[in-house]
Each structure stands twice: as C-alpha cells, then as structure tokens.
Amino acid sequence: MKIIHISAECYPIAKVGGLADVVGALPKYQNRGEITSQVIMPFYNNRYTQEHRFKSIYKGTLNLGTESFKFKILILENENLGFELYLVDIPELLFTDYVYSENDTKRFISFQIAALDWILQNKQLPDIIHCHDHHTGLISFLMSHANKYKKLKDTPSVFTIHNAQYQGWFSHDNIELIPSFPLSHIGLLDWDNNINPLATAIKCSWRVTTVSPSYMEELKVKANGLESLINSETQKCVGILNGIDTKVWDPELDDMIEAKYGFEDCDSGKHVSKIWLCEEFGLNSEKPLFVFIGRLVEEKGADLFYEVFDKALKNLDISILLLGSGNKMVEQQMKKLTSKYPKMYNAFIGYDEALSHKMYAGADYLLMPSRVEPCGLNQMYSLRYGTIPIVNKIGGLKDTVVDISEGGFGFLHTENTVKGIFNSIKRATQFYSDSSKIKETRKTIMQIDHSWDESAQQYINLYKSLNQYS
Ligand code: ADP
Ligand code: GLC
C-alpha cells in the first residue's frame, strides 16, 4: 500500500512547529512491511535545502489564473530520513527563506496543483493521499471535482487537522486560482462567504482526523466557526493521538544535550544540563527551574505570561527560562522581565532547536498553559527527558498528563488564568522540596511510551478500511 503525505512542513527540512515533527516522524513509523509512506512538501530556501543534494525527477507548468509558472519535482538524495521525500520547486513562489507569509493563498494553491499534477502522471497512483492542515485543504476537493484530476476521484483522501484555528480562508475574488471544476460544486469551497480550505477538506476528504481524541470532542463546541460543520461530518471524524519520534527525542542518544542519560541516572544527567543552562543564562541552579518553549501566541496562553511570571518570581523561590518568539508585545514583555528579575529569570527570543533539547533535559518543570492545544508535543518530549509538565487541562494535554493528586505525574489546572497557573507553579514548587518524590516521578515519566508505534498503526488501520472501497 502506497501512502503519500502532503504537507507545508516536515522535520528536519522545514519546521515552524509540531506539524513538522509529526510529518517527519509518522511516515518513518509507517514504512514497514507492505506500507510505503512518502512525503511531498515545498522546496524552501533554507539551510537544510542549501546543504543537501536534490535531483529533479519531473518538470511541469501550472496555471494560476492568468499567470503560468514552471515547476520541478525534486527528490532528496544521499540522505536516509526513513521515507522518500519529494519537494515542489516553484522558484517564484515557494523558494523563500520562510515557510509562511502574507502571500500564502497563491503559494499553497500552486503547491497543491504541482503536487497533484505530478501524482497524476505517475505510473502507479498512491493508494491513499494524506493531507495535513489547511495549506493542503483543497486537495480532496480537486481530486473529486476538478476536471483535470478525474483519474484521482477514487483514491481515498485522509485529512489531519493539526490546528483548526488556522483555516486559510480567502475571498471568492480569487476563485480563478483554482483549477476548473463544475460551478455547481462551488458550495464545497465556501464557508461564511469565503473560500475556506479547512472547511473544504472537512467536507471533501474521505476521513478527517485530529491529533488527539479530546481535541476532536472540543472541536464540536469550539472550532473557530466550524463547529456545525464538524458536527455534521462527525461520522467520518476520529481523534488519533500524536506520538513522538523516540529516535530524535531520546536523552540516551541526544547529541544536542550536555550529558546523555537514561532513567536510571536521570538525576545526575539532568543536573549537568541544568548547570549548563543556569550558567549560560545567569540563573541559580539550586532553585527549581521552570521553562517555557514555544510560540508566543494567545493560543499558548502567552498573553498571561507577564503577570504569571511576575507573580511567581515575586512570591516563590524559583527560576524561569523562556525560549520562544511570536507576538511582538509579548516578546517585549518577556525581555522586560529580565531586568526586573536578574538571576531569577531569562529569555531567549527566537528559534533554537538545540537549545530546546537542552531545556527539555535541564529543566525541572515545563510550563504549557495553552488555551488551545490540539495535541502538543512539548509535554511528551518533556516526559521523555524526565521534566515534569504543568499544563492546562485541555486537548492533547488532557490526554497525556495525569495530575499528581490523582496518582499521576504532572500538574493540571482547569482555570487557565493568572491565578490558576500560579497555583500550579506553587504546587510544583512545594513538590520540589521532596527530593525522593521528584526522583521517583522522573523515573516514572521517562518510561512512559509515547512513541509513534501505536498511533502509526491506527492510521494504517484507517487507510486499510478506506482502501477496500476504492
Ligand atoms: P505547535 O505546533 O502548536 O507550536 P507543538 O507542541 O505541537 O506546538 O510543537 C512545537 C514544536 O516546536 C516542538 O518541537 C517544540 O520544541 C518546537 N519549538 C517551538 N518553539 C520553539 C523555539 N522557539 N525554539 C525551538 N523549538 C521550538
Ligand atoms: C499543531 C498543534 C499542536 C500539535 C501539532 C502537531 O501545531 O497546535 O497542538 O501538537 O500541530 O500535530
């Protein structure tokens, strides 16, 4: 069975967030036995693409309204990612040093057309086309309704919603960018008088998945305007919890951390990384170290950080270290706190993959007070590195963290306010004073199995259930 994943991001080639981690790992875990799983993504201009070799395997021309663009399909050479990687090279639109921009409607429609044009001319069609997030939301519509892709009509499509907050909508004025289709089908593209790729994918894909069971339930009542659509399509929707790539995220093998460690020697191993972090960022390593790693956006609760951190640093004997970027006002606030609480707080505003690994390893606690968290990978990485998560009880966080008071290993709050988050930090600070409990908890969480094995199999079962009807 041949599966092709279509995505805007894929680790290690281009990563903005967890979408890349998932698309860079899931195919690797699916590629066993009778399953061949591949990925196609845009060819961006970044360090990875500059440092690796690619071979052109197909050339084509695509039309976007009145403009036409030449494109190539490239294949990654001399590198074993665990799956075959194809890239869509459209120099004028996709070969940029960023993944997302203002011009995304045109960029990602061109990506989708080029990917389908190439798939269509292959001798062997895929058995399943698996699309991820709104950047690939028009594919299932095009496969079922666009005149030129009729041959793909019977190929089952699966669509995974990684985050329903982002839907990629654009005005009907841009309809000419979409390859021709019978106009009677235009309703499938529309939601609230706009063309909405996420809504289109939910309507047209054979199956829709989300990245955790709880998020699937939450979408029925809160989906940034798509609630009624989710409810009407609920029969074909299922929540499958993401896994983590335990080959990339393994403190016993991780070259990015200061000292490798397993669950047996986690205290000493974590201590080396904590000392490094505290020296690097001028913090006191005697105190419990709380970290945040992620996008500084409202979804992650970032607008509450200034008040929460201020209150926590004023009232508790702790250190806080933040790694992230996003909302400019929040970035300013996060920098401002460094002068208010020297030696207790620091922030690295930006993106740094290696530093994130060092923080998962060296921290005592990971903060994730997200308002929306479809799955969340950070809490699973932190568990694997023996770092105790402090999370809001929603989405994938609810599915992966159990509170210490219920015999679990983390701290959950249901009131995601300054007070609610502060109380969790306070509980965690008290817990830190019992070193034997901390040690025991670290050992327990490092042994929780969140690898992709089980979830990758759930996707395969889903593909098989569709394939018998194609
Ligand atoms: P989301 O995709 O919503 O941002 P996830 O928890 O699914 O959230 O995944 C976030 C991923 O991005 C994780 O791999 C996390 O370590 C990484 N990440 C986020 N921000 C940064 C940053 N500033 N520097 C390094 N890695 C980051
Ligand atoms: C999205 C979600 C995040 C999830 C990730 C991978 O970015 O915000 O919760 O973990 O996708 O599925």
Side-chain angles (χ1 to χ4, degrees), residues 5 7-12 14-26 99-100 130-136 159-167 198 209-216 218-219 223-224 239-246 248-249 254 256-257 291-302 305 321-327 330-331 334 347-361 363 366-385 387 389 391-392 394-401 450 452 455-456 459:
H5 291 270
S7 170
E9 298 179 37
C10 176
Y11 180 83
K15 168 168 168 177
V16 176
L19 169 64
D21 289 4
V22 170
V23 178
L26 174 59
V99 173
Y100 303 117
H130 188 156
C131 296
H132 299 265
D133 270 355
H134 71 84
H135 328 98
T136 60
F159 185 85
T160 297
I161 304 175
H162 293 262
N163 198 330
Q165 293 301 107
Y166 307 100
Q167 302 177 0
L198 187 69
T209 71
T210 59
V211 289
S212 71
S214 287
Y215 186 56
M216 186 77 254
E218 288 168 10
L219 284 179
N224 203 7
I240 300 178
L241 189 69
N242 281 337
I244 61 170
D245 190 338
T246 49
V248 175
W249 298 94
D254 192 335
M256 295 188 221
I257 63 179
V291 301
F292 171 84
I293 300 163
R295 295 180 292 121
L296 298 175
V297 295
E298 219 182 297
E299 251 176 73
K300 302 282 177 193
F305 287 2
L321 178 62
L322 173 135
L323 164 63
S325 61
N327 181 295
V330 178
E331 288 184 359
M334 293 303 97
F348 181 101
I349 303 298
Y351 188 95
D352 188 328
E353 191 76 22
L355 178 58
S356 78
H357 283 242
K358 290 179 171 61
M359 288 170 69
Y360 289 117
L366 176 91
L367 292 166
M368 267 184 105
S370 310
R371 288 202 176 84
V372 179
E373 200 58 85
C375 178
L377 299 171
N378 299 19
Q379 81 281 13
M380 293 195 267
Y381 298 148
S382 91
L383 292 171
R384 185 142 173 88
Y385 282 71
T387 297
V391 305
N392 185 22
I394 46 129
L397 300 174
K398 184 173 157 186
D399 292 347
T400 50
V401 182
H450 276 301
W452 265 108
S455 301
Y459 278 110

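All values derive from a computational prediction rather than experimental measurement. Atoms within a ligand are numbered from 1 in the order they appear, just like the ligands themselves.
Residue, atom and distance of the protein heavy atom nearest to atom 8 (O) of ligand 1 are Lys300 NZ, 3.1 Å. Of the protein's non-hydrogen atoms, Tyr351 CE1, 3.4 Å is the one closest to atom 27 (C) of ligand 1. Closest to atom 12 (O) of ligand 1 among all protein heavy atoms lies Lys15 CE, 3.6 Å.
Residues Arg371 and Asn392 share a closest heavy-atom pair of CA-ND2, 4.4 Å. Taking each heavy atom of Thr209 and Ile240 in turn, the nearest pair found is CG2-CD1, 4.4 Å.
A donor-acceptor pair is defined here as one N or O able to donate and one able to accept, closer than 3.5 Å; no such pair exists between the side chain of Ser455 and the backbone of Trp452.
Applying the 4.0 Å criterion to heavy atoms of Asp21 picks out, from ligand 1, the atoms 13 (C), 14 (O). Interface of Tyr381 with ligand 1, defined as ligand atoms under 4.0 Å from a residue heavy atom, comprises 13 (C), 14 (O). Using a 4.0 Å cut-off to heavy atoms of Tyr360, the atoms of ligand 1 that qualify are 15 (C), 16 (O). Within the listing of ligand 1, atoms 22 (C), 23 (N) sit less than 4.0 angstrom from a heavy atom of Gly350. Interface atoms of ligand 1 facing Gly324, defined by a heavy-atom separation under 4.0 Å, are 23 (N). Residue-ligand proximity, Gly17 to ligand 1, at heavy-atom distances under 4.0 Å covers atoms 2 (O), 11 (C), 12 (O).
For ligand 1, the polar-atom distance check against Asp352 finds a nitrogen or oxygen pair separated by under 3.5 Å. Between Arg295 and ligand 1, a contact under 3.5 Å exists for at least one N or O pair. Considering backbone and side-chain atoms alike, Gly18 places an N or O below 3.5 Å from some N or O of ligand 1. Looking at Asn163 next to ligand 1, no N or O pair under 3.5 Å apart turns up.
Taking 4.5 Å as the limit, some side-chain heavy atom of Asn163 sits within range of a side-chain heavy atom of Pro374. Side-chain contact between Phe292 and Met334 is absent, with no heavy-atom pair separated by less than 4.5 Å. Between Ser212 and Asn242, every side-chain heavy-atom pair lies at or beyond the 4.5 Å cut-off.
Ring geometry for His357 against Tyr360 counts as perpendicular: the plane angle is over 60°, on a 0 to 90° scale with 30° as the lower cut. Aromatic ring orientation, Trp249 versus Tyr385: perpendicular (interplanar angle above 60°, classes split at 30° and 60°).
Expressed to the nearest 0.5 Å, how far OG of Ser214 lies from CD1 of Ile394 amounts to 9.5 Å. Interatomic distance, CG of Asp399 versus CD of Glu373, reported as 11.5 Å (0.5 Å rounding).
For Thr400, the side-chain hydrogen bond (donor to acceptor under 3.5 Å, both in side chains) test picks out Gln379, with sequence neighbours left out. Shown here are the ring-ring contact (aromatic ring centres under 6.0 Å, His included) partners of Phe159, two or more places apart in sequence or in another chain: there are none. Under the side chain to side chain contact (heavy atoms under 4.5 Å, CB included) criterion, Tyr351 pairs with Lys15, Glu353, sequence neighbours left out.
Using a 4.0 Å cutoff on heavy atoms, Tyr11 does not count as a contact of ligand 1. The closest approach between any non-hydrogen atom of Gly294 and ligand 1 is below 4.0 Å. Residue contact annotation: His162 has no non-hydrogen atom under 4.0 Å from ligand 1. Put simply, no part of Phe348 is less than 4.0 Å from ligand 1, judged by heavy atoms.
For the residue pair Tyr11/Asp245, the side-chain donor-acceptor check at 3.5 Å is not satisfied.
Of the options Leu377, Asn378, Leu323, the smallest heavy-atom separation from atom 10 (C) of ligand 1 is shown by Asn378.
Residues with a heavy atom under 4.0 Å from ligand 2: Gly18, Leu19, Val22, His162, Asn163, Val211, Asn242, Glu373, Pro374, Cys375, Gly376, Leu377.
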